[in-house]
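Heads up, the thing below is written out as structure tokens.
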Amino acid sequence: MITAELSPSEITLNNRITEHVFNRFDINPTNTNKIYENTALTEVNPNFLVDVLNVFCNYKDLKNANFKKYPIPILIDYLKRSHTYYIEKTLPEIGQTIAILLNNIDTEDPLSEILYKFYFKYKVDLEAHFINEEELLFPYGNRLYKAFYFKTEIYFFIDLIQKYSVNEFVNTHTDTTQELKKIRIFLSKYNLSKTNKSTLRILLEQLKKFEYDLEIHAFIENKVLVPKISQIEQKIRLEINN
């Protein structure tokens, strides 16, 4: 079990998957200071970081991870950090592996077109998905939080929540993991030459890790953040109507 008393170096030594979690929080995975020391002078909540690390290592099941105890700004900060990491690190690494495969398989092989179309379509769709969240949901959630707990911009929200609800976001929200799962299952059954099998295994592992990462991301967003925003909306509406 990971605690704030452990250092990133100790944690990544036993669980390499945690490296990318530390990276998105701008913490060096080889750092020998304890987690709480690494976060002392930052806005990163050490307890939240520990909970995320434990979920990634499967020390805690997602359903049993108590992310609900954290306020909206902390949840949004993690989701935004993850967006940046996916776009700048995860997707380029997957793209690089796909490029290696494309260079080594026959252009007449149907897999060539399938991989090419999958990557670029998925990348465009995912970026659009993130832009929608960062331009609408996240600013709305943060301002709603301040309006309710600090009574700032309260008059702004009296007008806004009469025109908009987080339910509108939920109704137009799409699943980002389904396409990854489909292509991973398809590729796992595809017969490639021996020279390309090792590259394919790397790609399958990358897709599997990304899929799980997105599942955690979706859980925090859909099962924790959105309900919290919805609850505050209801409370502000009650205040307005009373």
Side-chain angles (χ1 to χ4, degrees), residues 1-100 123 126-127 130 133-134 138 142 176-177 180-181 184 198-221 223-225:
M1 194 73 169
I2 295 171
T3 71
E5 293 289 332
L6 294 175
S7 70
S9 177
E10 291 172 307
I11 295 167
T12 54
L13 182 64
N14 295 315
N15 303 280
R16 290 292 301 276
I17 194 173
T18 59
E19 286 186 4
H20 64 86
V21 180
F22 285 116
N23 285 332
R24 74 186 68 174
F25 280 99
D26 299 318
I27 296 174
N28 190 332
T30 63
N31 191 293
T32 56
N33 294 325
K34 297 175 181 179
I35 285 181
Y36 75 83
E37 294 173 331
N38 274 283
T39 59
L41 300 178
T42 71
E43 294 182 358
V44 176
N45 184 301
N47 296 320
F48 178 81
L49 175 55
V50 165
D51 281 339
V52 170
L53 290 166
N54 277 312
V55 166
F56 269 96
C57 295
N58 292 313
Y59 292 137
K60 278 187 182 178
D61 185 83
L62 253 180
K63 294 178 181 178
N64 295 322
N66 187 17
F67 289 113
K68 292 180 181 179
K69 65 187 176 185
Y70 297 107
I72 285 173
I74 287 178
L75 301 173
I76 289 176
D77 176 67
Y78 170 74
L79 296 173
K80 287 179 69 176
R81 287 175 183 272
S82 293
H83 286 182
T84 301
Y85 192 82
Y86 299 154
I87 297 300
E88 295 182 358
K89 183 73 174 173
T90 307
L91 280 174
E93 288 179 350
I94 290 173
Q96 188 175 33
T97 306
I98 288 176
I100 293 171
K123 185 173 183 291
L126 195 64
E127 287 177 345
F130 291 163
E133 293 174 352
E134 293 185 8
F138 295 169
N142 274 327
T176 58
T177 61
L180 275 183
K181 188 173 184 179
R184 180 174 59 80
S198 60
T199 306
L200 180 60
R201 279 197 298 270
I202 292 171
L203 177 59
L204 287 171
E205 187 62 25
Q206 288 175 323
L207 293 174
K208 185 178 180 180
K209 287 180 178 178
F210 191 26
E211 191 180 321
Y212 183 60
D213 198 328
L214 286 173
E215 284 177 6
I216 296 171
H217 188 279
F219 179 86
I220 291 175
E221 182 174 279
K223 302 298 183 183
V224 185
L225 176 64

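Nothing fancy with the numbering, it's 1 onward along the sequence.
- Using a 4.5 Å heavy-atom cutoff, the side chains of P29 and T18 are not in contact.
- Contact annotation: the side chain of Y212 approaches that of V55 to within less than 4.5 Å [non-hydrogen atoms, C-beta and beyond].
- One distance of note links CG of L79 with CD1 of I74; it measures 12.0 Å at 0.5 Å rounding.
- E10 contributes atom CD, which lies 9.5 Å from atom CD1 of I35 (distance to the nearest 0.5 angstrom).
- Contact check for F22 versus I11: side-chain heavy atoms found under the 4.5 Å cut-off.
- Within a 6.0 Å radius of NZ in K181, no more than 12 heavy atoms belonging to other residues, nucleotides or ligands are found.
- For the pair Q206/T97, a side-chain contact is recorded, criterion being any heavy-atom separation below 4.5 Å from C-beta on.
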**Prompt:** side chain to side chain contact (heavy atoms under 4.5 Å, CB included) between N15 and F56: does it pass, once the steps are laid out?
**Reply:** CA-CA 9 Å; N15 303 280; F56 269 96; over 6 Å; no
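- None of D26, N31, N28 except one satisfies the side-chain hydrogen bond (donor to acceptor under 3.5 Å, both in side chains) rule with N38; the exception is N31.
- T39 has its side chain within reach of I27: a pair of non-hydrogen atoms, C-beta onward, lies under 4.5 Å apart.
- Residues that satisfy the side-chain contact (heavy atoms from CB on, under 4.5 Å) test with T3, not counting sequence neighbours, are E5, L6.
- Salt-bridge annotation for K209 and D213: absent, with no side-chain N of the basic residue lying under 4.0 Å from a carboxylate O of the acidic one.
- Between K69 and D51 there is a side-chain heavy-atom pair separated by less than 4.5 Å.
- Legend: residues meeting side-chain contact (heavy atoms from CB on, under 4.5 Å) with K223, ordered by chain and number and at least two apart, are F219.
- When all heavy atoms are compared, the tightest approach of C57 to I2 is SG-CD1, 3.9 Å.
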**Request:** Kindly determine whether E221 and F138 satisfy side chain to side chain contact (heavy atoms under 4.5 Å, CB included), including the steps that lead there.
**Result:** CA-CA 10 Å; E221 182 174 279; F138 295 169; 4.0 Å; yes
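- Note that CD1 of I216 and CZ of F67 are 7.5 Å apart. Values are rounded to the nearest 0.5 Å.
- Annotation: H217 is not in aromatic contact with Y85 [ring centroid separation under 6.0 Å not met].
- In this structure, CG in L62 is found 12.0 Å from CG in N54, a value given to the nearest 0.5 Å.
- Here K208 does not pair with E205 in a salt bridge; the nearest charged N to carboxylate O distance is not below 4.0 Å.
- Side chain to side chain, S82 and R24 meet the donor-acceptor criterion of an N or O pair below 3.5 Å.
- For the pair N45 (side chain) and N47 (backbone), a donor-acceptor distance under 3.5 Å is present.
- One finds the CG atom of L126 at 8.0 Å from the CG atom of L180 (value rounded to the nearest 0.5 Å).
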**Derivation and outcome, side chain to side chain contact (heavy atoms under 4.5 Å, CB included), residues L91 and F210** = CA-CA 9 Å; L91 280 174; F210 191 26; 4.0 Å; yes
**Asked** What do the steps show when you test K89 against H20 for side chain to side chain contact (heavy atoms under 4.5 Å, CB included), and what is the final call?
**Response** CA-CA 9 Å; K89 183 73 174 173; H20 64 86; over 6 Å; no
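- The environment of Q96 atom CD is sparse: at most 12 non-hydrogen atoms of other residues, nucleotides or ligands sit within 6.0 angstrom.
- Taking 4.5 Å as the limit, every side-chain heavy atom of T30 sits out of range of all side-chain heavy atoms of T12.
- Judged as a ring pair (Phe, Tyr, Trp, His ring centres under 6.0 Å), not a single pair has a partner in residues 25-46 (not counting sequence neighbours).
- Smallest separation of non-hydrogen atoms from L75 and Y70: CD1-O, 3.9 Å.
- Taken to the nearest 0.5 Å, the NE2 atom of H83 stands 5.5 Å off from the CD atom of E134.
- Residues M1 and K60 have side chains in contact (heavy-atom distance under 4.5 Å, counting atoms from C-beta outward).
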